[in-house]
Visitor: 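One structure coming up, written as C-alpha cells, with questions to follow.
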Amino acid sequence: MNDVVIDCLAVDKVPGMYYLPVFFEPLKIVPLLERVLAQSPLRHMETSRGFKLSAAMSNCGVLGWVSDRKGYRYEAIDPLTGNAWPKMPVEFSGLAIQAAKTAGYENFSPDVCLINCYKPGAGMSSHRDSDEADFEHPIVSLSLGLPARFFVQGRERKGPSVPLDLASGDVVVWGGESRLFYHGIRPLKAGDAPVFENQRFNLTFRKAG
Ligand code: MD6
Ligand code: FE
C-alpha cells in the first residue's frame with residue numbers, strides 16, 4: 001500500500017514524533033474521502049465560547065470528535081445527521097497502522113479518523129489533543145492538497161516553536177513523551193494543488209475510546 005514510502009525521520013526537539021515524507025499517494029484517498037463526506041458532510045463546529053473553527057470538519061470511524069457550546073468530546077453519533085459516523089475505510093486504517101508501525105508504534109488500532117479541511121486563510125490555533133482516553137496511543141496524521149506549516153511548542157502554549165512543513169502525502173506519527181505538547185497550523189497560503197486544488201485536508205487517526 002505504501003508504495004511511495006521513502007523515509008521515517010525523528011523530528012528534532014519533539015521526542016516521539018516522526019515525519020514520513022510522501023508516505024502515501026494522495027489520489028488514492030479522493031474517492032474514499034468523497035464517499036465518507038457524502039454521508040457526514042464537512043461543517044464548521046462551534047467552540048464552547050461560541051466561535052466557529054476556521055477548519056471545516058467531519059469524522060469517520062466508531063467515534064468522532066465534536067465541538068459545540070458544551071465543549072470538546074468524542075461521540076458515536078454525528079450530531080449533524082443523527083446517524084453513526086461513516087465506517088472508516090480499511091484503506092485508511094491500513095495506512096495509519098502501517099505508518100505507526102514504521103515509526104515503531106506496534107498494535108495501533110484507530111477508532112477515529114478526524115477530517116479537517118482548510119481553505120486559504122484558515123488555520124488551527126495552538127492546542128493539545130487531550131480528549132482521548134489513553135495517551136499511550138500515538139496519533140497518525142496524513143496531509144493532502146495544499147501545503148501547510150505545522151508548529152509544535154511544548155508543554156506550554158508559549159516559547160519558541162518547531163516548524164514542520166507538511167506537503168500532500170506526508171504523514172506524521174506522534175506519540176511518546178511529546179504527545180501532549182501544544183501545536184497548531186499556521187494560516188494556509190493560497191495555491192493550486194494537483195489534488196484538492198485550493199484546499200488542504202488533514203486526516204488524523206486516533207484510538208480515542
Ligand atoms: C492539522 N493537526 O494538521 C492539525 N494533532 O491540520 C493536528 O492538530 C494534530 O496532526 C495531533 C496529532 C497530529 C496532528
Ligand atoms: Fe492536534
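Remember, it's 1-based here, ligands and their atoms both numbered in the order they're listed. Please read these numbers as outputs of a predicted model, since none were measured by experiment. Excluded from the calculations below are hydrogen atoms, water molecules and symmetry mates; all remaining heavy atoms, backbone and side chain alike, are included.
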Visitor: Could you walk me through whether R155 and Y182 pass side-chain hydrogen bond (donor to acceptor under 3.5 Å, both in side chains), step by step?
Guide: CA-CA 6 Å; R155 290 184 206 288; Y182 281 94; over 6 Å; no
Visitor: Would you mind telling me which of L203, V195, N202 makes a side chain to side chain contact (heavy atoms under 4.5 Å, CB included) with L144?
Guide: L203
Visitor: Centroid separation under 6.0 Å, is that true for the rings of H183 and F151?
Guide: no
Visitor: Just give me the atom name: the N, O or S atom of D129 closest to the Fe ion (ligand 2).
Guide: OD1
Visitor: Check ligand 1 against N202 and write out every atom of the ligand that is under 4.0 Å from a heavy-atom position of the residue.
Guide: 1 (C), 2 (N), 3 (O), 4 (C), 6 (O)
Visitor: With a cut-off of 6.0 Å (strictly less than), are more than 12 heavy atoms of other residues, nucleotides or ligands near CG of D134?
Guide: yes
Visitor: If you count the non-hydrogen atoms of other residues, nucleotides and ligands that lie under 6.0 Å from CD in E106, is the total more than 12?
Guide: yes
Visitor: R200 heavy atoms, cut-off 4.0 Å: which ligand 1 atoms fall inside?
Guide: 1 (C), 3 (O), 6 (O)
Visitor: Once the angle between the rings of F92 and F205 is folded into 0 to 90°, is it parallel (under 30°), tilted (30 to 60°) or perpendicular (over 60°)?
Guide: perpendicular
Visitor: Give the atoms of ligand 1, by number and element, whose distance to some non-hydrogen atom of D129 is under 4.0 Å.
Guide: 5 (N), 11 (C)
Visitor: Given Y118, F205, F201, identify the one with the heavy atom nearest to atom 6 (O) of ligand 1.
Guide: Y118
Visitor: If you measure from each heavy atom of I185 to ligand 1, is any distance below 4.0 Å?
Guide: yes
Visitor: Under 3.5 Å, is there a donor-acceptor pair linking the side chains of Q39 and T81?
Guide: no
Visitor: At less than 4.0 angstrom from any non-hydrogen atom of H183, what atoms of ligand 1 do you find?
Guide: 5 (N), 7 (C), 8 (O), 9 (C), 11 (C)
Visitor: Can you list the atoms of ligand 1 that are under 4.0 Å from a heavy atom of H127?
Guide: 8 (O)
Visitor: Assess the side chains of N59 and S40: does a donor N or O sit below 3.5 Å from an acceptor N or O?
Guide: no
Visitor: Would you mind telling me if ligand 1 is within reach of the side chain of T204, the backbone, both or neither, using heavy atoms under 4.0 Å?
Guide: side chain
Visitor: Which ligand 1 atoms, with their elements, are less than 4.0 angstrom from a heavy-atom of W174?
Guide: 11 (C), 12 (C), 13 (C)
Visitor: For ligand 1, which atoms have a heavy atom of I139 less than 4.0 angstrom away?
Guide: 11 (C), 12 (C), 13 (C)
Visitor: Angle at the Fe ion (ligand 2) between NE2 of H127 and NE2 of H183, to 10°?
Guide: 90°
